[in-house]
Enquirer: 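Have a look at this one before I ask anything.
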Amino acid sequence: MEFLICIGGGPPAMKTLEGGVQIARSFGADIAVMYVDQHQRMAFSNSIAFGRQKLSEWELEHPGVKILREAREHLAEIGVIRQTESGLAERHALRPDVEGAFENHFYGDEIQHIRLRLREGRLVDQIRKEVQTRQYDVTIIGGINQHGNTRRLIQFVDTSFIIIDQSMPPIYNLLYCSDISDTANRALMFGAKVAKALNTRMDILRVAEEETPEEAREAVRRAETLLRRGGIKHEVIIESGEVVEKILEIADEEYAIVIGASQRSELMKFLLGSNPIKVVQRAKTHVIVVK
Amino acid sequence: MTTKILVPVLYWIDENRWLLIAALVSVVLYFVPPPPGLSLVGWRVINIAAAVIILIVAEPLPLPAIALFIAIMQVLFGVGTPSHVASSFLSDAVLFIIGSLMLAVVIVHQKLDRRLAYLIVQITGVKIERITLGFVLVSAIMASFIGEHTVAAVMLPVAISLIRFVEEEQGKETSQGLAPLLLFAIAYGCAIGALGTPSGGARNAIMIDLWNRLYNEKMTYARWIMYAYPLGLLHLPFLIWILRRTFYPEHASLSRAIIRLRQKTSDQGSLGSQEYMTLGVFGVAFFLWIFFSDKIGLGVPALIAVFLAMALRLVEWKHINNGVNWGVVFIYASTISLGVAFNQTGAGGWVANQIELLFDMLGLHYQVVMIGVIALTTMLFANLMGHGPALALVGPVAFIIAENVGIDSITAGFMTVAASSYSYMTVIGSPAGNIVYSSGELKTSDYLKAGVKMTIVSLILIYVMRYTYWALLN
């Protein structure tokens, strides 16, 4: 497995990185840490190239390289990148055009391959190209302020997503939303794996819109059984009301939310959005969207 | 339709939504009859302009594609014959833009930046106010003679070096106020300086071209400096004050960082033959601009300098070819062409009349109000489109509005070109603003923080110049 962790700059990026590493470790997955340099406007691309040329003549780093260096230092500090007698265990130094990106590749122990990647261009476009090129299983991103980008990523990038709320502590109790979509089963399996690896509880939320409480209880029986067999602490919460509102109300800042991606038609999602996207856009906590 | 096909299609629609919106606007306007008082061909020009504004602001297409769109639509809509449209693409302003972009490659190719850094640290000392003043002065003076993108590119490593030294000495937090202070000193220094001489930027050449085409008015290099340089100088104290009041570096003295920068830049030796020749080549252009621009224009001196640079092997063609953004040349040429069509078809006059009617209805059709309207509208377009295309499109309309409230063409031109220079509020308003942003040290909100204050100051100074200095010169 390989997880893509997308970071911006500054201290929040390190929170995203730590959250991503925590989850990747629990899955034994490799990671690619990617920064997308969005600073370019086509009209000024040559002028910016002049500026970058001058920076390199002065031996000053490209701003994206600076962010990757900070990520590398942080990963070494928290023991993800292996230390050897001669320094960090590096497979290759930063080099251009490795599957469409600048790449610096390291070895680790729990996480075996750590790639630091730099792309230039529009955020959604570059993440989409990266996922198409390297076929990641999960994409981990920090909370994105621009709601349009969140919607585009979830609809057009073909991986599951973990959206890290950088103001919150690392993943804690999970809230599995059983009735948000038809992909709920995959979300259940994924959430259970995370809960097991991180030794956290995962409560099951069923929002009954048209069901009786008894029917709702029956609908989550399979999920209960799976968690019980897996030794994962859990409770069942049955609520009635509007699905998105209830999920947000129950989760608040107490849970990280686990939901399946919407199975609505692509056209309907494009025109009207979907419940998972609304949850991601409004949640004050981490959200895992499983496809 | 299966998901495999539908998702890429929807993604294309999503990515190109502004292209589709531009197309939709164009189609709708095509079927709407022209309003009273405007010819069909004038209406078609407004149709093209509306689409082009959307395309330049949102950039769903590469710039050269937008330029091609302007040429194609002018011919298809019957705005002009193919030959007429083609000839409207080339003017002295476009030759100047080509020449100045090429000269920028020649200058960036030399290692003048380290000398400049040395000069700054020698003359400014270690106090933050004096260093800011040094950055503003050097950027403004240089930008008044050569393109601001060259100046910003050359000054960028000097600022970033200082920021890194301070970070290394005192921790990252200390650079939080310092980075915007120094980088905006460069970007805004360029903005206020670039108006100083005709060779300071493409917009200046566009304005000279507009005067020539619309009023048969020749503007010499020296006369331009007389009108424009004082406006830049007036801005200086306000710029320093605003930057210092907006961004607060933690340490007021950068003594250790300055010592390190001095060490890094002190071993330059004397000027080499290449550098002398580069200065000489630029001197030739400058000489020709000052003494012969009324006869040979602004473009040819720049091209002579580039020719000499290539003849003297100061730069190779491949470097020029790679270094010049031909898309920028195309977009300037095409927006100038559209500006000409705006004027010739009566579209500009119609837009001006609509604006005047609106202010008439509000009882605000006075000179003092319309100056503000012209300046703020130009600033708005420049912030969204970049100053050259904004001036090419807004300029012809601004002239008519100004003329109708009793402002002469020279003053109206300087007001408009000055306003187009002062695109402080967005990253995309100017090349210098974009270059300093590309360092990764600034947030887009920083542009608003300082930019709003600078916009107010610039607006007031345009009024001051209009009613004092420019009135006296006329």
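Below, chains carry the letters A, B, ... as their sequence lines are ordered, and counting in each starts from 1.
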Enquirer: Quick one: list whatever passes side chain to side chain donor-acceptor pair (under 3.5 Å) with Thr16(A), sequence neighbours left out.
Expert: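 Side chain to side chain donor-acceptor pair (under 3.5 Å) check on Thr16(A) returns Gln166(A).
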Enquirer: Name the region of Leu267(A), side chain, backbone, both or neither, that has any atom closer than 4.5 Å to a heavy atom of chain B.
Expert: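 When you check distances to chain B, atoms from both the backbone and side chain of Leu267(A) fall under 4.5 Å.
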Enquirer: Measuring heavy-atom distances to chain B, does Asp125(A) have an atom under 4.5 Å in its side chain, in its backbone, in both, or in neither?
Expert: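 For Asp125(A), heavy atoms of backbone and side chain both lie under 4.5 Å from chain B.
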Enquirer: Establish, for the pair Arg72(A) and Phe106(A), whether the NZ or CZ atom is under 6.0 angstrom from the six-membered ring centre and no further than 45 degrees off its axis.
Expert: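 Arg72(A) over Phe106(A) ring: no.
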Enquirer: Return the option, out of Phe270(A), Trp58(A), Phe156(A), with the maximum number of heavy-atom pairs under 4.5 Å with chain B.
Expert: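 Looking at each of Phe270(A), Trp58(A), Phe156(A) in turn, Trp58(A) comes out on top.
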Enquirer: Examine whether an atom of Val436(B) lies under 4.5 Å from a heavy atom of chain A, and if so say whether it belongs to the side chain, the backbone or both; otherwise answer neither.
Expert: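 When you check distances to chain A, no heavy atom of Val436(B) falls under 4.5 Å.
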Enquirer: Glu266(A): which residues meet the side chain to side chain donor-acceptor pair (under 3.5 Å) condition with it, sequence neighbours left out?
Expert: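 Side chain to side chain donor-acceptor pair (under 3.5 Å) check on Glu266(A) returns Gln155(A), Lys269(A).
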Enquirer: Could you go step by step and tell me if Arg164(B) and Glu167(B) meet the salt bridge (Lys or Arg N to Asp or Glu O under 4.0 Å) rule?
Expert: CA-CA 5 Å; Arg164(B) 292 284 174 274; Glu167(B) 278 178 1; 3.5 Å; yes
Enquirer: So does Phe165(B) have more than 12 non-hydrogen atoms from other groups sitting under 6.0 Å from CZ?
Expert: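 Enclosed: over 12 neighbouring heavy atoms sit under 6.0 Å from CZ of Phe165(B).
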Enquirer: Taking every non-hydrogen pair under 4.5 Å, which of Pro8(B), Gly323(B), Gly327(B) racks up the most with chain A?
Expert: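 Option with the greatest count: Gly323(B).
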Enquirer: Counting only heavy atoms closer than 4.5 Å, note whether Ser430(B) contacts chain A via side chain, backbone, both or neither.
Expert: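 For Ser430(B), backbone heavy atoms alone lie under 4.5 Å from chain A.
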Enquirer: Could you check which of Pro431(B), Gly147(B), Ala153(B), Pro157(B) has the highest count of heavy-atom pairs closer than 4.5 Å to chain A?
Expert: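 Option with the greatest count: Pro157(B).
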Enquirer: Looking at Thr150(B), Val151(B), Ile435(B), which hits side-chain contact (heavy atoms from CB on, under 4.5 Å) with Cys190(B)?
Expert: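 Looking at Thr150(B), Val151(B), Ile435(B), the match for Cys190(B) under the side-chain contact (heavy atoms from CB on, under 4.5 Å) is Val151(B).
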